[in-house]
Amino acid sequence: LSLDFWVWFLGLAIAGFSVAYYFLVLKARRKWLTSRVKEVVMLEVRVPKESSKKEDEPFKSFQDLIKIGEQFFSSLAGLYKGGWRGFWEGEPIISFEIIAKSKEIIFYVGVPRSHEDLVEKQILSFYPHAQVERSRDFKVYDPNLSLAMGTLALQRKFIFPIKVYHEVGADPLANLTNVLSNLGENSRAAIQILVRPASHHFRVATQAAEREISRGRSVSSSTTWWGR
């Protein structure tokens, strides 16, 4: 057999081994990530009406409250791990949920057990009047009821905001809670937002868009991550 044949055979064997190893790693990683679901802790967050505002406190508009929320979400960026550990373990996913059942609206935060204390401290840091307790009976769906669900996705790139809160004319959360509060006795609903910390690289696209706008150029909704 010629040398070319052995080179071709060796290359094919290495490629086959690499593909097999890749899929085995992905399968093991997926299995490991699935097992982490059991490690999620649901925190029930309540803000008592009687302590929501003190007499000596200045009035806060909903824009001010949204700004506090913006700072809170920014603080979660510190959970980013990155590197090989971030790839294998996955970045921590925080679930923010609005649950409506039994004529009541309850706010929950789902967090990995390993980050429970940190997230709870962050919540109380930005919302000192809040009461945070681990939920022992988190049940949303009733097997006797019909179930329908859907997801929302952005039509444009993430560099384009849905709506800047400085320009919002009314409390956006009020519209959601008003609908949820009008559900019937045998109806339940849940709104879930999943948040995961990202690396600083996502800023590349927004910075590129800023440069284009400062030069008087339009930014296409099809802009790629490197801004071209």
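As a basis for the values below, the full set of heavy atoms in this structure was taken, side chains included, without hydrogen atoms, waters or symmetry mates. Note that the structure is predicted; figures quoted are calculated from it, not measured.
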Under 3.5 Å, side-chain donor or acceptor atoms of residues 186-195 against the rest of the protein: list the pairs with distances, not counting sequence neighbours.
from, atom 1, to, atom 2, distance (Å)
Arg188, NH1, Val140, O, 2.9
Gln192, NE2, Ser95, OG, 3.3
Gln192, NE2, Glu97, OE2, 2.9

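Remark: Arg113 pairs with Glu39 by the side-chain hydrogen bond (donor to acceptor under 3.5 Å, both in side chains) rule, at least two apart or across chains. Listed by chain and residue number, Arg46 satisfy the salt bridge (Lys or Arg N to Asp or Glu O under 4.0 Å) test with Glu44 (two or more places apart in sequence, or in another chain). For the ring pair (Phe, Tyr, Trp, His ring centres under 6.0 Å) test, no residue two or more places apart in sequence or in another chain qualifies with Tyr127. In this structure, the side chain to side chain contact (heavy atoms under 4.5 Å, CB included) partners of Ile14, at least two apart in sequence or on a different chain, are Leu10, Ser18. Every residue was checked against the side-chain hydrogen bond (donor to acceptor under 3.5 Å, both in side chains) condition with Gln71, not counting sequence neighbours, and none meets it. Not counting sequence neighbours, Arg196 has no partner by the salt bridge (Lys or Arg N to Asp or Glu O under 4.0 Å) test. Residues satisfying the ring pair (Phe, Tyr, Trp, His ring centres under 6.0 Å) test with Phe73, not counting sequence neighbours, are Phe96. Judged as a side-chain hydrogen bond (donor to acceptor under 3.5 Å, both in side chains), and not counting sequence neighbours, the contacts of Ser75 are Gln122. A search for side chain to side chain contact (heavy atoms under 4.5 Å, CB included) contacts involving Arg136 returns Arg134, not counting sequence neighbours. Under the ring pair (Phe, Tyr, Trp, His ring centres under 6.0 Å) criterion, Phe107 pairs with no residue, sequence neighbours left out.
One hydrophobic cluster holds both Leu118 and Val45 under the rule that ILVMFWY side chains link at heavy-atom gaps under 4.5 Å. Ile123 and Val111 fall within a single hydrophobic cluster, where Ile, Leu, Val, Met, Phe, Trp and Tyr are joined by side-chain heavy atoms under 4.5 Å apart, directly or via other members. Put simply, Ile99 and Leu147 are part of the same group of oily side chains (I, L, V, M, F, W, Y) that touch within less than 4.5 Å, one to the next. One hydrophobic cluster, built from ILVMFWY side chains closer than 4.5 Å, holds both Phe138 and Ile106. Criterion: ILVMFWY side-chain heavy atoms under 4.5 Å apart, direct or through other members. Under it, Leu79 and Val41 are part of a common hydrophobic cluster.
No donor-acceptor pair under 3.5 Å is formed between the side chain of Lys103 and the backbone N or O of Asn182.
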Inset, instruction - Dump the intermediate steps for side-chain contact (heavy atoms from CB on, under 4.5 Å) on Asn175 and Val179, then the final yes or no. - result: CA-CA 7 Å; Asn175 295 330; Val179 173; 6.0 Å; no

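With values rounded to the nearest 0.5 angstrom, Leu183 atom CG is found 13.0 Å from Lys101 atom NZ. Between atom CD1 of residue Ile105 and atom OG1 of residue Thr177 there is a gap of 5.0 Å, rounded to the nearest 0.5 Å. Rounded to the nearest 0.5 angstrom, Ile93 CD1 and Leu76 CG are separated by 13.0 Å. Expressed to the nearest 0.5 Å, how far CD of Glu120 lies from CD of Glu133 amounts to 9.0 Å. Put simply, CZ on Phe126 and NZ on Lys67 are 12.0 Å apart, with the number rounded to the nearest 0.5 Å. Atoms CG and CD, on Leu124 and Gln131 in that order, are 10.0 Å from each other to the nearest 0.5 Å.
Summarising the local packing, CG of Leu152 is surrounded by 12 or fewer heavy atoms from other residues, nucleotides or ligands at distances under 6.0 Å.
Taking the side chain as every heavy atom from C-beta outward, Val109 and Val132 never approach each other to under 4.5 Å.
When all heavy atoms are compared, the tightest approach of Pro92 to Pro197 is O-CD, 3.1 Å.
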